[in-house]
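Only one structure is covered here, and it is reproduced in the block below.
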2 protein chains.
Amino acid sequence: MESEKRRGERLRRSGLKCTPRRKDVLRILEQNSQPVTAERIFMALKEEGTGISLSTVYRILEALAEKGLVLKISSAESDGALFVLNRRVHRHYMVCLGCHKMLPVDECPLGDLEKKLERETGFAVTGHRLEIYGYCRECQKARSKTNSH
Amino acid sequence: MESEKRRGERLRRSGLKCTPRRKDVLRILEQNSQPVTAERIFMALKEEGTGISLSTVYRILEALAEKGLVLKISSAESDGALFVLNRRVHRHYMVCLGCHKMLPVDECPLGDLEKKLERETGFAVTGHRLEIYGYCRECQKARSKTNSH
DNA sequence: GTAGATGCAAAGTCTTTGCATGTGT
DNA sequence: ACACATGCAAAGACTTTGCATCTAC
């Protein structure tokens, strides 16, 4: 399996030792297009019979985030941080406040604004975080039934 | 002092009982244009001699957030949630990764995108969260000195 | 008077850390 | 061989909860 090799190279290129646990965590992250918690990675590995300790998951995620391989985000809605593979494709999500589903958004309206801010304020922009909140179609229906008081 | 009265009305209009503690928390929030932690509110009140328990601060913030009087946000950079008064003016910040200063941004590029998404996906947008990360002028200088290895 | 607010202490989550052991290079 | 990764258990940080008492309405 060649994606396994890629993961190894990816780690080494970032200056990280290539260990089974690290490749495991990378693999789980690759399997999830949506941000996941450390706990979820831990459980996913446990379910597939691969043992790992939760603290190791945290330490690996920290190392990966430090090298920019994963992005750490945190939502006011859910306790606990979320981690997502830093695919080069820049992407934002619509987060449903009902079911917590995350729907990807293709566009990002930030480019022009960032350039303008750098020009006008001297602030050096390195990134941004955008989340759109609301209710998905299904939860809108569910709410219109429940809220009929 | 009339702003004290306003705080009372604000609470009652939102269907919350008007208590000294609640007005205290509102007052601290009004004094801070930047998002603050629960702990910081607790300390601010302690310093001015107004006693309050930390759990009460949390409960009040939860109630205020539920009614939409304050916004709860959480940053991947700092542990702990941040709370900020929901001034009607919609506002985003540039967050400095060096000193954690938050500089307000006047514009918000989300309006058109939100309308488009609602039209195309049926998702009902209720709000969004945008933060821009980078380094302020001062921290850029500091870093260019330190990183000269 | 009563529902709800508050304080205090205890419990709960999520995350980090210390230390002994194991492993990639 | 040696620096670094890992597991385990314990500690830590932040937040919530249970319960008795107090207070706004």
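In what follows, chains carry the letters A, B, and so on, assigned in the order in which the sequence lines appear, proteins first and then strands, with residues in each chain numbered from 1.
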Ignoring the backbone of [X], work out which of [options] is nearest its side chain.
X     : options                : answer
B:P20 : D:dC25, C:dT15, D:dA24 : D:dA24
B:R59 : D:dA3, C:dC8, D:dT6    : C:dC8
A:C18 : C:dT25, C:dC8, C:dT16  : C:dT25
A:I60 : C:dT6, C:dT16, D:dT6   : D:dT6
A:R21 : D:dA24, D:dT6, D:dC25  : D:dT6

[X] has an atom [atom1]; how far is it from atom [atom2] of [N], in whole Å?
X     : N      : atom1 : atom2 : value
A:F42 : C:dC14 : CZ    : C1'   : 13 Å
B:L64 : C:dG4  : CG    : P     : 17 Å
B:D24 : D:dA24 : CG    : P     : 12 Å
A:K23 : D:dT6  : NZ    : C1'   : 16 Å
B:L16 : C:dA5  : CG    : P     : 7 Å
B:L61 : C:dT6  : CG    : C1'   : 14 Å
A:Y58 : C:dT17 : OH    : P     : 13 Å
B:R40 : D:dC14 : CZ    : P     : 14 Å

Closest non-hydrogen contact found for A:N32 with A:R40 is OD1-NH2, 3.8 Å
If you round to the nearest 0.5 Å, how far is CD1 of B:I60 from CD1 of B:I28?
->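 Between atom CD1 of B:I28 and atom CD1 of B:I60 there are 11.5 Å.
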- request: Find the distance between CZ (B:R87) and CG (B:L29) and round it off to the nearest 0.5 Å.
  value: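 Going from CZ on B:R87 over to CG on B:L29, the span is 8.5 Å.
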Is the shortest side-chain heavy-atom distance between B:L130 and A:R129 below 4.5 Å?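 No; the side chains remain at least 4.5 Å from each other.
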Sorted by number, residues from residues 47-57 of chain A placing a heavy atom under 4.0 Å from DNA chain D are A:G51, A:I52, A:S53, A:S55, A:T56
Check: Less than 6.0 Å separating the ring centroids of B:H128 and B:H92?
Finding: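 Distance test on ring centres: under 6.0 Å, yes.
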Which sits closer to the 5' end of DNA chain C, A:A38 or B:K17, going by the nucleotide each is nearest to?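 It is B:K17 whose nearest nucleotide is closer to the 5' end.
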Worksheet item: Which residue, A:E39 or A:E62, contacts DNA chain C at a nucleotide closer to its 5' end, judged by nearest heavy atom?
Response: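 The residue whose closest nucleotide sits nearer the 5' end is A:E39.
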#### Entry: Derivation of the salt bridge (charged side-chain N to carboxylate O under 4.0 Å, His left out) call for B:R7 and B:E30
CA-CA 10 Å; B:R7 282 192 279 275; B:E30 281 172 14; 2.5 Å; yes
| said: Under 4.0 Å, counting only non-hydrogen atoms across every strand here, what does B:A81 touch: a base, just sugar-phosphate, or nothing? | reply: sugar-phosphate
Open item on the list: Is it the case that the side chains of A:T50 and A:E48 hold a donor-acceptor pair, with the cut-off being a distance below 3.5 Å and no angle test?
Closed with: yes
**Asked** Is any side-chain N or O of A:R22 closer than 4.0 Å to OP1 or OP2 of D:dT6?
**Response**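 Yes.
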